[in-house]
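The block underneath contains the structure these notes are about, expressed in structure tokens.
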Amino acid sequence: MGLLDGVTATAFQHDAEGRTIFCPWGIRGRCYLLTAEQELGIRRFTRAWYGGFLVVLVPAAYVLRWWVLLLSVVAIGGLCLKYWLVTRELRLAGRAAARW
């Protein structure tokens, strides 16, 4: 398992029934039940976003210096927007299911 796979896997868990639960903000935030297609799409996006952010952020930090903080805020805002758009269509998991 690579670094990006490990970071991405922290948002996904399986409950006792084997269903996939997506918790983008950790255990204290809302958790959502996913179908196999939804899981694949969200996993792919999350992994690509973290990889792209890493590839862009490191060179940008060297070139832009302190301005990279603005770039970071914009990128994190984009991630929050994407999660908000995706989670509007998902079904909430119960509190008991979210306590793996």
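Reckoned from all heavy atoms, side chains included, excluding hydrogens, waters and symmetry mates.
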Practice item. Begin from the C-alpha positions of L92 and R30 and carry the test side-chain contact (heavy atoms from CB on, under 4.5 Å) through to its verdict. Key: CA-CA 7 Å; L92 282 172; R30 289 185 177 173; 3.9 Å; yes
| request: Would you mind reporting whether R47 and D5 have side-chain heavy atoms less than 4.5 Å apart? | output: yes
Note to self: Any non-hydrogen side-chain atom of F12 less than 4.5 Å from a side-chain atom of L34?
What the structure shows: yes
Check your understanding: Sub-3.5 Å donor-acceptor pair from the side chain of Q38 to the main-chain atoms of T35, do we have one?
Key ->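 Such a contact is found between Q38 side chain and T35 backbone.
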Original post:
What is the ring orientation for F22 with Y32, classed by angle as parallel under 30°, tilted 30 to 60°, or perpendicular over 60°?
Top reply: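 F22 and Y32: tilted rings.
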Heavy-atom pair with the smallest gap, counting every atom of [X] and [Y]:
| X | Y | value |
| --- | --- | --- |
| A11 | P24 | CB-CA, 4.5 Å |
| C31 | G26 | SG-O, 4.3 Å |
| T10 | V7 | OG1-O, 2.7 Å |
| R19 | L33 | NH1-CD1, 3.8 Å |

Please tabulate, one pair per line, all N/O donor-acceptor pairs under 3.5 Å involving side-chain atoms of residues 49-70, not counting sequence neighbours.
none

**Request:** Drop me the distance from T20's OG1 to L40's CG, to the nearest 0.5 angstrom.
**Result:**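 If I round to the nearest 0.5 Å, the distance is 11.0 Å.
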For this session: Supply the atom-to-atom distance T46 OG1 to L79 CG, rounded to the nearest 0.5 angstrom.
Result: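 Output value for this atom pair is 7.0 Å.
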Salt bridge (charged side-chain N to carboxylate O under 4.0 Å, His left out) contacts in which one or both residues fall within residues 31-41, not counting sequence neighbours: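 Matches after skipping sequence neighbours: E39-R43.
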Item to complete: Walk me through it: do W25 and C80 pass the test side-chain contact (heavy atoms from CB on, under 4.5 Å)?
Response: CA-CA 10 Å; W25 311 116; C80 291; 3.7 Å; yes
